[in-house]
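Here's the structure we're looking at; comments come further down.
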There are 2 protein chains.
Amino acid sequence: MATQDRLIESTQELLWERGYVGTSPKAIQQRAGVGQGSMYHHFDGKPDLAAAALRRSAEEMRAVAEERLAGPGTAYQRIEAYLLREREVLRGCRIGRMAQDPEVVADPRLRAPVEETFDWLRGRIAEVIAEGRAAGEFVPGADPADTAAAVVAVVQGGYVLARAADSVEPFRQAVRGALGLLAGLNAPAGA
Amino acid sequence: MATQDRLIESTQELLWERGYVGTSPKAIQQRAGVGQGSMYHHFDGKPDLAAAALRRSAEEMRAVAEERLAGPGTAYQRIEAYLLREREVLRGCRIGRMAQDPEVVADPRLRAPVEETFDWLRGRIAEVIAEGRAAGEFVPGADPADTAAAVVAVVQGGYVLARAADSVEPFRQAVRGALGLLAGLNAPAGA
DNA sequence: GTCTATATGTGGATAGAC
DNA sequence: GTCTATCCACATATAGAC
């Protein structure tokens with residue numbers, strides 16, 4: 001693999017594990033098996049490399065989500081598939097974690113991929129809900145955009161609760177809770 | 001105010017703003033207007049001081065939540081009051097933010113207040129939901145503990161979405177979405 | 001109790017040889 | 001393109017004077 005790619009991948013991993021402030025150039029170089037000069041040859045510095053890593057992580061996350069949301073089944077089933085997808089819960093969300101970091105939030109180049117990912121995700125889930133409503137699967141009443149934001153927030157908050165408890169259980173509870181509430185949107189059978 | 005208290009308060013603020021990794025002893029001392037020797041006289045070091053600060057923040061957060069959850073009104077109204085409570089959304093959650101930090105999660109003394117806070121909060125909201133169900137206000141069906149976890153997760157995730165967007169709007173959307181879904185639990189009028 | 005001095009490592013980067 | 005040497009500031013403390 002090319003040196004740039006190894007640097008980007010190492011940075012993706014370290015940002016996930018340790019956040020932006022907690023990730024040093026030296027650690028990146030060591031994990032990538034690359035010398036100092038080499039890193040600064042390919043990238044301007046830590047922010048530049050981090051921006052590249054975040055763009056790539058954002059792409060990957062969108063692809064994984066789209067796989068479930070564009071899958072087969074009713075609107076409810078597609079959202080369920082998204083929520084129940086296999087996750088390394090205790091590692092947290094690679095993208096969501098960045099929103100806690102003041103240096104990421106303060107730097108437009110670093111915040112952009114994070115913002116775009118969640119904008120896209122909320123919009124995409126809102127679409128699915130709107131489709132379910134148009135198909136008569138869901139009762140009207142719940143706003144698609146608001147409901148979508150709640151769904152995404154449950155996942156992000158679930159990560160927080162799980163890490164706080166050092167257990168995946170709160171994440172699973174939150175997801176079950178969300179699915180139970182979403183089931184209330186289903187139109188009465190035979191309607 | 002006593003020196004210890006000024007140190008603890010400064011640490012609370014800095015942990016909130018910059019997280020555990022991002023908070024240096026020097027910054028704490030400067031904000032507290034206290035010299036180095038003084039800090040190390042009163043506390044063993046950064047972890048010790050951070051533990052004291054987190055315990056205090058946890059207490060404060062529980063008190064604020066309990067105020068709403070023990071207030072007047074139906075179960076739905078009390079959860080609504082909790083969700084709609086005035087918040088400095090873009091600052092994030094003082095406690096939830098700590099769950100992202102690997103050093104906090106790895107240190108039992110630092111993680112304990114975080115875990116206990118969310119355990120308590122989920123349990124407390126589950127109680128309110130169970131009361132609403134027992135009073136016939138809510139239809140049975142949704143599990144109180146799962147639903148409570150979802151409610152707490154919406155708030156924590158809402159913070160993440162808001163900071164990612166650098167706007168309070170996604171937080172408000174998520175809360176509105178959650179309230180819309182919770183409304184589906186209400187027993188049919190006149191039942 | 002509080003202050004200043006000192007110590008050791010790391011963060012983040014530049015310079016210049018190969 | 002990659003390596004080593006070097007740089008300055010900061011992180012996190014300890015030592016000992018006052």
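All values reported here derive from a predicted model rather than from experimental measurement.
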Which ones in residues 101-114 of chain A lie close to DNA chain C, meaning a heavy atom under 4.0 Å from one of its atoms? none
Given the rule that I, L, V, M, F, W and Y join up when any side-chain heavy atoms are under 4.5 Å apart, are A:V114 and A:V64 in one cluster? no
Using OP1 and OP2 only, check whether a side-chain N or O of A:T3 sits under 4.0 Å from D:dG1. no
Decide, yes or no, whether a salt bridge links A:E17 with A:R31 under the criterion of side-chain N to carboxylate O below 4.0 Å. yes
Examine distances only and state if a side-chain atom of A:R163 and a backbone atom of B:A99 form a donor-acceptor pair shorter than 3.5 Å. yes
Please list, chain by chain and in numerical order, all residues satisfying salt bridge (charged side-chain N to carboxylate O under 4.0 Å, His left out) with A:D166, sequence neighbours excluded. none
Go through the structure and list residues passing side-chain contact (heavy atoms from CB on, under 4.5 Å) with B:E80, not counting sequence neighbours. B:Y76, B:Q77, B:L84, B:L179
Considering only residues two or more places apart or on different chains, which pairs with a residue in residues 83-93 of chain A satisfy salt bridge (Lys or Arg N to Asp or Glu O under 4.0 Å)? A:E88-A:R91
Separation of A:T117 OG1 from A:R94 CZ (nearest 0.5 Å): 10.0 Å
Interatomic distance where CD1 belongs to A:I28 and P belongs to C:dT10 [whole Å]: 16 Å
Letter by letter from the 5' end, nucleotides 3-18 of chain D scores (B base, S sugar-phosphate only, - none; protein heavy atoms under 4.0 Å) BB------SSBB----
Listed by chain and number, what are the salt bridge (charged side-chain N to carboxylate O under 4.0 Å, His left out) partners of B:D101, not counting sequence neighbours? none
Rounded distance in Å - CZ (A:F43) to P (D:dG1): 13 Å
Tell me: NE2 of A:H41 to C1' of D:dG1, nearest whole Å? 5 Å
A:L7 atom CG is separated from C:dA13 atom P, nearest whole Å, by 14 Å
Please report the distance, rounded to the nearest Å, between CD in A:Q30 and P in C:dG9. 15 Å
